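First comes the structure, then the notes that go with it.
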Amino acid sequence: MLRFLQVWTDHLVRASAVIAALALIGIVATILFDVAGRNLLGAPLRGTQDLVQVALIVIIFGSVAMVDRKDANVAVDLLEHQFSPILNRVLTVAGRLTGALIFFGIAWTMIDSAAISTMLNLSTNILNIPKAPFQYIIAGFSILTGVSMVLRVVLILLGRDRVLDTLPGDL
């Protein structure tokens, strides 16, 4: 069961990173068309700010699970060599559990916010893009990150933790 959960979590983490990469490509294209339209035609792309804002949501929250899974977080190891391996393991587990709780809290808050956004029909300023779907996207990516962090804690405690390996062609 644990192996099944690990494989599917890894697949979802990779998928979220691909979605984030596609959103990044979308931002680059949007800004390119905006700048080209402004400089060549004298008419910028309408709604660029809205498109970039919603794409940044996907990029940031879509990539967090992969960053955590690959241990690509910024870390300052000032005292790690001073502590025993057991204490370092306890601190790693405590940090990952704290991170998981934070991401589950973000998900909870975003689900509540999405319900309010739906009720009030909230949208972006220029293109009137509904906000609720992107709040649900934040919640989904946050849940994925939290589950991935909890799974890493279980694997650390079992001594089977590994950094996510990427295959050729993976992002």
Side-chain angles (χ1 to χ4, degrees), residues 1-31 49-78 80 85 87-118 122 124 129-171:
M1 176 64 178
L2 184 61
R3 177 76 181 137
F4 173 79
L5 184 60
Q6 183 179 8
V7 167
W8 276 101
T9 302
D10 287 351
H11 287 310
L12 290 173
V13 166
R14 284 187 177 119
S16 71
V18 168
I19 291 168
L22 292 174
L24 180 60
I25 292 168
I27 280 182
V28 170
T30 300
I31 293 172
Q49 182 180 0
D50 285 357
L51 294 173
V52 168
Q53 285 177 349
V54 296
L56 279 173
I57 289 169
V58 176
I59 291 169
I60 292 166
F61 284 92
S63 62
V64 172
M66 180 62 87
V67 168
D68 177 66
R69 197 68 185 104
K70 293 177 73 100
D71 276 337
N73 299 325
V74 174
V76 180
D77 301 330
L78 295 176
E80 186 174 311
L87 181 57
N88 282 328
R89 192 177 205 187
V90 167
L91 292 173
T92 299
V93 166
R96 292 213 181 273
L97 288 176
T98 302
L101 286 174
I102 289 169
F103 279 101
F104 289 139
I106 290 170
W108 180 278
T109 303
M110 284 296 108
I111 291 170
D112 283 348
S113 296
I116 293 168
S117 294
T118 300
L122 297 179
T124 61
I129 301 170
K131 289 186 176 184
F134 293 96
Q135 291 168 320
Y136 285 122
I137 287 170
I138 292 171
F141 284 144
S142 294
I143 289 169
L144 174 62
T145 302
V147 168
S148 178
M149 289 176 137
V150 169
L151 179 61
R152 293 279 308 270
V153 166
V154 171
L155 293 173
I156 288 169
L157 293 175
L158 294 175
R160 297 188 343 208
D161 184 42
R162 62 175 174 75
V163 173
L164 180 66
D165 298 322
T166 55
L167 301 173
D170 280 353
L171 296 176

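This structure is a prediction, so every number in the text was calculated from the model and none was measured.
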Output, in order, the C-alpha distance, side-chain angles, deciding distance and verdict of side chain to side chain contact (heavy atoms under 4.5 Å, CB included) for Leu2 and Leu155. CA-CA 9 Å; Leu2 184 61; Leu155 293 173; 3.9 Å; yes

So Met149 and Asp68, side chain to side chain contact (heavy atoms under 4.5 Å, CB included) or not? Walk me through it. CA-CA 8 Å; Met149 289 176 137; Asp68 177 66; 3.4 Å; yes

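Side-chain atoms of Ser113 come within 3.5 Å of backbone N or O of Thr109 as a donor-acceptor pair.
In the displayed structure, Gln49 atom CD is contacted under 6.0 Å by at most 12 heavy atoms of other residues, nucleotides or ligands.
Phe103 is listed as a side-chain neighbour of Val64, based on a closest heavy-atom distance under 4.5 Å. Contact check for Leu51 versus Thr124: no side-chain heavy atoms found under the 4.5 Å cut-off. Within the 4.5 Å cutoff, side-chain heavy atoms of Ile19 are placed close to those of Phe141. Residues Arg14 and Arg69 have side chains not in contact (no heavy-atom distance under 4.5 Å, counting atoms from C-beta outward). Contact of the Val93 side chain with the Arg152 side chain is not registered, since no non-hydrogen atoms from C-beta on lie closer than 4.5 Å. Looking at Gln6 and Arg3, their side chains come closer than 4.5 Å, going by heavy atoms from C-beta outward. Under the 4.5 Å side-chain criterion, counting only non-hydrogen atoms from C-beta, Leu5 is not in contact with Val154. Within the 4.5 Å cutoff, no side-chain heavy atoms of Val58 are placed close to those of Val54.
The line from CG of Leu87 to OG1 of Thr92 is 9.0 Å long, rounded to the nearest 0.5 Å. Between the CG atom of Asp77 and the CG atom of Asn88 there is a distance of 8.5 Å, given to the nearest 0.5 Å. With rounding to the nearest 0.5 angstrom, the CD1 atom of Ile138 is 9.5 Å from the CZ atom of Phe134. Here the straight-line distance linking atom CG of Leu12 with atom CD1 of Ile143 works out to 12.0 Å at 0.5 Å rounding.
For the pair Ile59 and Ile27, the tightest heavy-atom approach, listed with the atom from each and the gap, is CD1-CD1, 3.4 Å. Minimum interatomic distance between Ala132 and Ala114 (heavy atoms only, all atoms of both residues): CB-O, 3.7 Å. Of all the heavy atoms in Val147 and Phe104, the pair that sits closest is N-CZ, 3.6 Å. Across all non-hydrogen atoms, the minimal contact from Ser63 to Ala20 is N-CB, 4.0 Å.
Residue pairs meeting the side chain to side chain donor-acceptor pair (under 3.5 Å) criterion with at least one member in residues 130-147, sequence neighbours excluded: Ser117-Gln135.
Scanning for side-chain hydrogen bond (donor to acceptor under 3.5 Å, both in side chains) contacts around Trp108 gives Asp112, with sequence neighbours left out.
A salt bridge is absent between Asp10 and Lys70: the closest approach of a Lys/Arg side-chain nitrogen to an acidic carboxylate oxygen does not fall below 4.0 angstrom.
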